[in-house]
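Notes for the one structure printed next.
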Amino acid sequence: MPPSDSYPVPASGGPRVSDLARVRGAEPDYLDGLNPEQRAAVEATEGPVLVLAGAGTGKTRVLTTRLAHILATGKARPWELLVVTFTNKAAREMRERITAIIGPQAEGLRWLGTFHSIAAQILRRHAELVGLKSNYTILDTDDQERLLKQVLEAENVDAKRWPPKALAGLIDHWKNRGWTPDRLPASENAQFANGRGQALYRLYQERLRILNACDFGDLLLHNLTIFTSSPDVLAEYHDRFRYLLVDEYQDTNVAQYLWLRLLAQKRQNVCCVGDDDQSIYGWRGAEVDNILRFERDFPGAKVIRLERNYRSTSHILAAASGLIASNKSRLGKTLWTEAEGGEKVIVRGVWDGEAESRLIADEIERAKKAGRRYRDMAILVRASFQMRAFEDRFILLQIPYVVIGGPRFFERAEIRDAVAYLRLIYSPDDDLAFERIVNTPKRGIGETTVQKLLQVARVNGVSGSTAAREIVRTDELAARTRTSLSNFLRDLDRWRAEAGRLHHARLMETVLEESGYTDALRLDRSPQAQTRLENLKELVGAMSQYETLEAFLEHVALVLDLDRESGDDRVQIMTLHQAKGLEFPLVFLPGWEEGVFPSQRSIDETGEKGLEEERRLAYVGLTRAREEARVSFAANRQVYGRWTSQMPSRFVDELPLANVEASSETGYYGGGPGMQQHGSRWDESPSFGAGYSSPGWRRAQASNYKGSHPGRQQVIEGEGRLVAVSEPAASAYSRGDRVFHVKFGYGQVTAIEGNKLTVNFEKAGEKKVIDSFVEKA
DNA sequence: ATATACTGCTTTTTT
DNA sequence: AGCAGTATAT
């Protein structure tokens with residue numbers, strides 16, 4: 001439910017939370033079951049507090065209880081609390097959990113939200129101070145890039161050499177650091193288009209102001225400008241916010257940090273909760289330093305460590321702790337648990353990515369048979385290209401799965417188009433919206449016409465739609481184009497007139513019908529068209545939940561999130577980043593190979609710092625597991641279509657041996673030569689990439705293996721030799737009428753007769769005859 | 001105005 | 001390899 005724009009009136013009548021606490025006596029029951037550290041974090045309400053909350057230590061519980069405590073003890077009323085999270089999901093969860101403790105009074109938590117949504121609300125109230133109107137639009141990245149492209153074109157910057165995307169990234173980076181065009185350090189200027197970065201940044205900001213728009217970064221940046229230039233406004237918020245609470249503090253960037261510091265400076269009642277070991281967003285501006293220097297910034301700050309873990313078994317916890325201990329820049333915590341024992345972290349080497357997906361899929365089936373639910377299992381990958389192998393395999397085996405992430409609902413083209421129609425109806429001068437839909441669906445207004453319109457608009461200093469209005473009165477356009485354009489303008493006027501009368505959801509439907517948008521999709525035979533129509537239906541449904549069109553538009557940009565994870569029983573596939581904050585009984589961590597994880601790019605770009613962040617990512621991955629964690633790596637992997645030889649990740653070596661177990665099936669089930677465990681290390685052999693040292697074993701070259709796909713071919717060297725055998729020779733079993741489950745492994749050639757080859761798989765105790773193979777070159 | 005060929009890129013992602 | 005965005009042909 002969107003928050004109302006006015007302040008809620010304090011509930012009169014009925015018991016207040018503070019009364020309830022008093023009735024219950026000195027020991028309110030919301031404190032029940034907290035451990036001493038948690039309790040300290042809840043009760044230390046005055047002054048700056050930093051809560052270092054390790055993974056699985058009950059952070060959210062502490063946060064919500066602390067809020068309840070502040071309210072119950074009458075120190076503040078709900079609308080006097082500023083509670084900031086990073087994601088809408090976190091905000092939603094927090095609201096739900098507080099409601100569970102204090103009941104309907106939680107609705108008064110008007111200032112609970114993401115940094116961006118709170119900053120957007122503040123900006124709406126003081127927009128004029130930064131040259132905007134209160135009804136400014138918030139541009140998404142797509143709009144932002146299109147706008148930048150225009151700026152670059154107008155400035156004759158070669159968009160090929162200097163892509164708008166890159167500038168968008170830079171500007172975002174600058175805004176994250178709190179730099180307005182005027183305050184941009186000289187060194188940053190050189191980063192783009194031979195020292196024109198600053199000028200282009202300034203022009204872009206100018207265009208935004210004219211469009212009465214701002215991008216995500218601006219929300220915070222404008223807030224900073226307002227607070228620093230208008231002390232009276234800042235003072236107003238000092239009065240209002242008695243207590244500040246910040247979740248995931250390790251992920252704050254400089255702008256967010258400055259914003260917080262400004263708001264906290266008077267009362268100093270700021271509580272930041274975070275975990276330096278889970279800072280994984282450095283690449284988008286998060287500063288671990290913010291958490292590392294908290295005590296310096298807020299003198300007298302109390303630091304409370306939550307170190308008792310309630311989530312994982314001791315082996316998992318020890319493995320993760322051992323790994324993260326290799327990081328230098330950390331505050332240091334020692335997590336412990338009473339859940340002793342459990343399974344060790346299983347680590348396995350496999351032949352290639354396909355073998356890895358087979359292995360994991362098999363284990364999932366086994367776990368399912370043993371009574372685990374699919375939804376209790378997750379595959380956490382470093383990068384999304386790794387997901388496909390699993391999807392392919394799961395489809396084949398009919399294992400239900402869901403990929404978390406992917407394109408967000410309101411980032412889809414059809415949703416943006418629909419919203420652009422509304423934006424144009426709502427604010428006729430929204431040029432970006434105009435440009436987007438003037439020929440969507442196709443109505444015979446081509447690129448040339450649009451360019452001409454925009455040029456006229458620019459020359460006359462008016463908006464695109466105003467220019468269009470002028471131009472249809474002249475004979476500058478071909479008759480046909482002119483008719484389509486004036487029809488379009490007429491439609492717009494009509495919708496605008498209807499906007500007042502119709503409910504906005506109804507208006508949306510009308511617009512989609514009358515513009516021909518839905519018709520165009522219905523005629524579209526492509527498989528996506530159906531989904532798109534459904535998405536639009538969903539959009540209309542979502543719209544009806546909002547009071548006004550304005551409220552809806554605000555939420556489209558900042559909050560709308562229709563991609564609810566399904567509660568279905570499905571294996572979850574997601575990136576490690578997406579897994580933060582979640583937990584699963586059984587977690588698979590594939591692709592632990594140098595270059596993949598840790599990502600080569602991360603190391604190349606940020607060196608040791610990047611490596612440490614990758615390690616934190618590994619830590620996050622392991623600590624998602626409650627009962628079982630399984631790490632795997634492949635000897636060969638296809639990356640962007642190329643076969644590459646892989647080395648096991650250094651993170652594998654960093655796992656303490658005492659908490660790790662190598663697969664018993666190594667050697668048959670992948671875990672090829674060169675990947676056996678030698679003493680304390682995996683593969684001491686320096687020749688891992690090219691060959692291996694185990695006697696009698698020969699590693700198939702990746703190039704040969706590549707040649708064997710998608711087929712049924714093997715790498716053969718002669719009788720008595722061990723060979724790598726690919727599908728479906730090694731073993732196969734059928735389900736119903738199809739033979740589809742294929743294993744891959746190593747075996748010894750016992751006989752070669754013409755085109756037939758007998759291979760003995762000792763470890764599996766199987767003997768197979770192979771009738772199609774190629775000699776190794 | 002639209003169909004087709006060609007080129008270059010490719011981590012992580014929220015708002 | 002696969003895709004998106006752009007240049008070129010129809």
Side-chain angles (χ1 to χ4, degrees), chain A residues 84-91 113-120 138-146 149 159-161 163-166 169 172 175-176 214-221 248 251-253 255-256 279-286 380-389 404-408 410-411 413 439 442-450 478 480-481 484 554-561 563 574-581 591 595-606 610 613-614 616-618 620-621 637-644 706 709-710:
Chain A
V84 201
T85 64
F86 270 81
T87 63
N88 291 307
K89 197 176 154 209
T114 63
F115 274 102
H116 289 85
S117 71
I118 291 170
I138 299 166
L139 302 188
D140 57 31
T141 31
D142 186 69
D143 287 327
Q144 192 190 355
E145 277 165 29
R146 282 191 297 145
K149 203 174 158 201
K160 203 99 201 245
R161 212 169 112 76
K165 223 184 166 89
D172 198 49
K175 288 181 176 174
N176 284 341
C214 63
D215 60 25
F216 288 123
D218 278 334
L219 295 173
L220 264 296
L221 198 59
E248 304 281 13
D251 288 335
T252 48
N253 61 38
Q256 290 160 336
S279 164
I280 55 175
Y281 285 107
W283 50 275
R284 63 171 208 225
L380 312 182
V381 297
R382 173 63 182 85
S384 43
F385 76 84
Q386 296 170 263
M387 292 176 176
R388 236 182 88 178
I404 309 289
R408 303 224 152 277
F410 66 90
E411 277 167 7
N439 195 32
K442 303 232 184 316
R443 47 172 75 89
I445 301 165
E447 188 62 24
T448 346
T449 315
V450 174
R480 191 189 285 190
T481 320
S484 334
E554 169 105 11
H555 280 248
V556 158
L558 288 175
V559 186
L560 190 66
D561 177 15
D563 305 286
M574 68 187 88
T575 64
L576 287 159
H577 284 90
Q578 289 162 334
K580 191 158 94 166
V596 174
F597 187 39
S599 145
Q600 191 57 48
R601 191 152 161 183
S602 177
I603 297 172
D604 289 347
E605 281 169 13
T606 36
E613 182 153 314
E614 295 285 311
R616 290 193 289 269
L617 214 40
V620 167
R637 188 178 293 281
Q638 230 176 349
V639 182
Y640 301 133
R642 313 231 161 261
W643 280 98
T644 49
K706 179 189 179 184
H709 275 275

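Note on naming: letters A, B, ... go to the chains in the order of the sequence lines (proteins, then strands), and numbering restarts at 1 for each one.
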*asked:* Counting only side-chain nitrogens and oxygens, does A:Asn88 get under 4.0 Å of the OP1 or OP2 atom of B:dT15?
replied: yes
*So which nucleotide from B:dT12, B:dT15, C:dG2 ends up closest to the side chain of A:Arg388?*
C:dG2
_Tell me the interatomic distance from A:Lys89, atom NZ, to B:dT15, atom C1', rounded to whole angstroms._
16 Å
*asked:* Salt bridge check, A:Glu605 against A:Arg601: does any charged N sit closer than 4.0 Å to a carboxylate O?
replied: yes
*Using modelled atom types only, decide if a donor and an acceptor are shared between the side chain of A:His577 and the backbone of A:Ile280 within a distance under 3.5 Å.*
yes
*When all nucleic acid strands are considered with a 4.0 Å heavy-atom cut-off, which category describes A:Gly217: base, sugar-phosphate, or nothing?*
nothing
*First of A:Thr114 and A:Glu614 reached from the 5' end of DNA chain B, by closest nucleotide*: A:Glu614
*Rounded to whole angstroms, how far apart are CD1 on A:Ile280 and C1' on B:dT13?*
10 Å
_Can you identify which nucleotide, out of B:dT15, B:dT13, B:dT11, has its nearest atom closest to the A:His116 side chain?_
B:dT15
*Look at the side chain of A:Thr575 and decide which nucleotide, out of B:dT2, C:dT6, B:dT13, has an atom nearest to it.*
B:dT13
*Quick one: A:Leu221 CG to B:dT15 P, roughly how many Å, whole number?*
20 Å
*asked:* What contact category does A:Lys175 fall into here, base, sugar-phosphate, or nothing, at under 4.0 angstrom with non-hydrogen atoms?
replied: nothing
*Short side-chain N/O contact from A:Ser599 to OP1 or OP2 of B:dT12, under 4.0 Å*: no
*Please tell me which of the listed nucleotides, B:dT11, C:dT6, B:dT13, lies nearest to the side chain of A:Ser602?*
B:dT11
*Would you indicate, yes or no, if C:dA1 has its OP1 or OP2 atom less than 4.0 angstrom from a side-chain nitrogen or oxygen of A:Gln638?*
no
*Taking CG from A:Leu617 and C1' from B:dT11, how many angstroms apart are they, rounded to a whole number?*
10 Å
*Any side-chain heavy-atom pair from A:Trp283 and A:Glu613 closer than 4.5 angstrom?*
yes
_Closest nucleotide among B:dT10, C:dT6, B:dT12 to the A:Lys149 side chain_ = C:dT6
*asked:* In this structure, how many angstroms lie between the C1' atom of B:dT12 and the CZ atom of A:Arg382, rounded?
replied: 5 Å
*How many Å lie between CG on A:Asp142 and C1' on C:dG5, as a whole number?*
13 Å
*Between B:dT10, B:dT13, B:dT15, which nucleotide has the shortest distance from any of its atoms to the side chain of A:Arg284?*
B:dT13
*asked:* In this structure, how many angstroms lie between the P atom of B:dT13 and the CG atom of A:Asn253, rounded?
replied: 18 Å
_I'd like to check A:Asn439 versus A:Thr449 (side-chain heavy atoms, cut-off strictly below 4.5 Å). Are they in contact?_
no
_Can you measure A:Glu248 atom CD to B:dT13 atom P for me and round it to whole angstrom units?_
15 Å
*A:Ser117 versus A:Thr114, side-chain donor and acceptor atoms under 3.5 Å*: yes
